[in-house]
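Notes follow once the structure below has been shown.
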There are 4 protein chains.
Amino acid sequence: MIEFRVDTGSGVPPYRQLVHQVEHALRLGRLRVGDRLPTVKDVAKRLVINPNTVLKAYRELEHKGLVKGRPGQGTFVERGLTGLPADKQAELRAGLERWLAEAYRAGMDSDGIAALVATVLHDFKS
Amino acid sequence: MIEFRVDTGSGVPPYRQLVHQVEHALRLGRLRVGDRLPTVKDVAKRLVINPNTVLKAYRELEHKGLVKGRPGQGTFVERGLTGLPADKQAELRAGLERWLAEAYRAGMDSDGIAALVATVLHDFKS
Amino acid sequence: MIEFRVDTGSGVPPYRQLVHQVEHALRLGRLRVGDRLPTVKDVAKRLVINPNTVLKAYRELEHKGLVKGRPGQGTFVERGLTGLPADKQAELRAGLERWLAEAYRAGMDSDGIAALVATVLHDFKS
Amino acid sequence: MIEFRVDTGSGVPPYRQLVHQVEHALRLGRLRVGDRLPTVKDVAKRLVINPNTVLKAYRELEHKGLVKGRPGQGTFVERGLTGLPADKQAELRAGLERWLAEAYRAGMDSDGIAALVATVLHDFKS
DNA sequence: GTGGTCTAGACCACA
DNA sequence: GTGGTCTAGACCACC
């Protein structure tokens, strides 16, 4: 089952972080159609946030057609997001991890890495 | 001169995006001490946002001691952020770009890449 | 500008009633692209409901791509819903009103009318 | 025997939909004193809802004095709801059906029709 | 117990 | 002032 986390310092609203994490998990194949998300109350308790905040995230996912809440039962994945096959992804992931390790060895801190990644990603997109 | 951008769909408040971009540029050496930032008016016009939003970002940067507004002249970089030497950075950047190109070739779209990068970065930090 | 109403006895959640009313207004041509909806606070005050309830309705409409909230400015119609030309609609409406008047004259109360309309509509759909 | 239906997308609680349908059927003369309603189990199975939901609807009807459960035998209509004489109703119904057919011919879809009916009904009441 | 709705009120980002 | 987020807590519908 997916494990959520919230980073309060990022400026991104917590409910959107949850949405992103589900989308990422779907894309990476960590969540599949039919899987059950943790209950609203569990997530709220674990992350020490308000149940309504979790509900808001689940609602947004429902609006996107990705999950479906079933009263009395829980919230379930309704539709997946196409991604690469698992082996291809693992390969890419390994490559990225190698690069990350190299950057760390070179003396870059995580802020610097984030900055570099952000600009390279942006330049690449445009 | 630095070129700002805002991504309204990300959930990050626009003024924080501007702050981040300046910090990133400082860290990557794209902005140096003495450089002038674009005027509040210009930025507001180009990004179609309210001048107050830009002003808020500049004030936050000034508060951090990174820039300094000189009335009637503009806003100038006051202090840099330590980063790696330029050649080291260029090397790392090239490596990252190679990885990105590979991911694209493998058929990943930019959302998928963002998802993968986000999770790998997170897993690495913890 | 559209005038909302809520019928607390119907069992339909108030926020959904608001959503329906905007959709109907779009379909009937009473609201057009670019029109501004009344502010969240105004609606809440007029209907004596909580602003969050109104906000929820507006959010749902935004999810459907029908309206777009612009912080500091208001909420605006983003996309219309195709309907018949106004004259055709007016004609149909007149016909329906004639029928309604006849039903009333025949001694039917509004509950009876609602029951009849509901079953006929349903039978027609299937 | 009455055939129930539930529209999960309407926002009206399923148990209320069942109650309404019985009341409508009584008003229209489709259900008469002494008629038997389908069993809770059957309804639950056909509509794929929880038996408790059906039970709740039947209890509400019993509470209103419209039906009466006879243990081991089923649930029976106890009291009718006054409506117009059958011929009058048939006449009105035919008129409404003519209007509906006309609206369809004019190119209106069922959502559009529902919107028009809703607003006209409302305007008429006020 | 599970999701869903509503209220009340605080605080933030934006114009 | 306008939309948007979050909290706290109550109540409902459903399983």
Side-chain angles (χ1 to χ4, degrees), chain A residues 6 8 11-19 36-45 47-62 67-76, chain B residues 6 8 11-18 44 47-57 60, chain C residues 6 8 11-19 36-45 47-62 67-76, chain D residues 6 8 11-18 44 47-57 60:
Chain A
V6 281
T8 55
V12 183
Y15 89 95
R16 296 204 61 159
Q17 295 185 31
L18 300 184
V19 171
R36 188 180 159 208
L37 297 184
T39 71
V40 169
K41 285 163 189 169
D42 274 0
V43 176
K45 196 174 168 192
L47 300 182
V48 198
I49 58 179
N50 191 285
N52 282 331
T53 305
V54 182
L55 202 56
K56 196 172 185 177
Y58 281 15
R59 267 195 135 250
E60 184 122 348
L61 288 165
E62 192 160 356
V67 309
K68 175 96 184 144
R70 299 184 204 150
Q73 300 182 54
T75 304
F76 297 82
Chain B
V6 282
T8 56
V12 183
Y15 86 95
R16 292 200 64 162
Q17 294 187 30
L18 300 184
L47 302 181
V48 197
I49 58 180
N50 194 289
N52 286 330
T53 305
V54 184
L55 207 56
K56 188 168 184 181
E60 186 134 337
Chain C
V6 281
T8 55
V12 183
Y15 88 96
R16 295 203 64 159
Q17 296 186 29
L18 301 185
V19 170
R36 188 181 158 204
L37 298 183
T39 71
V40 170
K41 285 162 191 171
D42 274 0
V43 176
K45 197 176 168 190
L47 301 182
V48 197
I49 58 179
N50 191 285
N52 283 331
T53 304
V54 183
L55 202 54
K56 195 172 186 177
Y58 280 16
R59 266 194 135 249
E60 185 122 347
L61 289 165
E62 191 160 358
V67 309
K68 174 98 184 144
R70 300 185 204 149
Q73 300 183 54
T75 304
F76 297 83
Chain D
V6 282
T8 56
V12 184
Y15 86 96
R16 292 199 64 161
Q17 295 187 30
L18 300 184
L47 302 182
V48 198
I49 59 179
N50 194 291
N52 286 329
T53 305
V54 184
L55 207 56
K56 189 169 183 180
E60 187 134 336

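Below, chain A is the first sequence line, B the second, and so on; all start at residue 1.
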Minimum-distance nucleotide to [X] side chain [options: [options]]:
| X | options | value |
| --- | --- | --- |
| C/P14 | F/dT2, F/dC6, E/dC6 | E/dC6 |
| D/Y15 | E/dT5, F/dA13, E/dA15 | F/dA13 |
| A/I49 | F/dC15, F/dT7, E/dG4 | F/dT7 |
| C/N52 | F/dT2, F/dT7, E/dG9 | E/dG9 |
| A/R59 | F/dC6, F/dA13, E/dT5 | E/dT5 |
| D/T53 | E/dA8, F/dC15, E/dA15 | F/dC15 |
| A/Q73 | E/dT2, F/dC15, F/dT2 | F/dC15 |
| C/P71 | E/dT5, F/dC15, F/dG3 | F/dG3 |
| C/N50 | E/dG3, E/dA8, F/dC14 | E/dA8 |

Is the closest side-chain heavy-atom distance between D/T53 and D/V6 below 4.5 Å?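 No, their side chains stay 4.5 Å or more apart.
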
From [X] atom [atom1] to [Y] atom [atom2], the distance as rounded to the nearest 0.5 Å:
| X | Y | atom1 | atom2 | value |
| --- | --- | --- | --- | --- |
| C/L61 | C/L37 | CG | CG | 7.5 Å |
| C/I49 | C/T8 | CD1 | OG1 | 11.0 Å |
| A/K56 | A/N50 | NZ | CG | 11.0 Å |

Pick the nucleotide of DNA chain F nearest each of A/V48 and D/V12; which residue has the one closer to the 5' end? A/V48

Comparing C/R36 with A/P51, nearest DNA chain F nucleotide closer to 5' gives the residue C/R36

In whole Å, what is the span from the [atom1] atom of [X] to the [atom2] atom of [N]?
| X | N | atom1 | atom2 | value |
| --- | --- | --- | --- | --- |
| A/L37 | E/dG4 | CG | C1' | 16 Å |
| A/E62 | E/dG4 | CD | C1' | 10 Å |
| C/K45 | E/dT7 | NZ | P | 17 Å |
| A/K41 | F/dG9 | NZ | C1' | 12 Å |
| A/L55 | F/dC12 | CG | C1' | 14 Å |
| C/E60 | F/dG3 | CD | C1' | 17 Å |
| D/L47 | F/dC14 | CG | C1' | 14 Å |

Kindly determine whether A/R59 and C/E60 satisfy side-chain contact (heavy atoms from CB on, under 4.5 Å), including the steps that lead there. CA-CA 10 Å; A/R59 267 195 135 250; C/E60 185 122 347; 3.5 Å; yes

I want to check one thing: is the phosphate of E/dT5, taken as OP1 and OP2, less than 4.0 Å away from some side-chain N or O of C/K56?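 For C/K56, the contact criterion (side-chain N or O under 4.0 Å from OP1 or OP2 of E/dT5) is met.
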
Please name the nucleotide paired to F/dC14 by Watson-Crick or G-U wobble geometry with both distances under 3.5 Å, or report none. E/dG1

Is there, by distance only and without an angle test, a donor paired with an acceptor across the side chain of A/D42 and the base of E/dG1 below 3.5 Å?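 Under the 3.5 Å cut-off, the side chain and the base do not form any donor-acceptor pair.
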
Could you check A/L47 against A/V54 for side-chain contact (heavy atoms from CB on, under 4.5 Å), going step by step and ending with a plain yes or no? CA-CA 10 Å; A/L47 300 182; A/V54 182; 5.9 Å; no

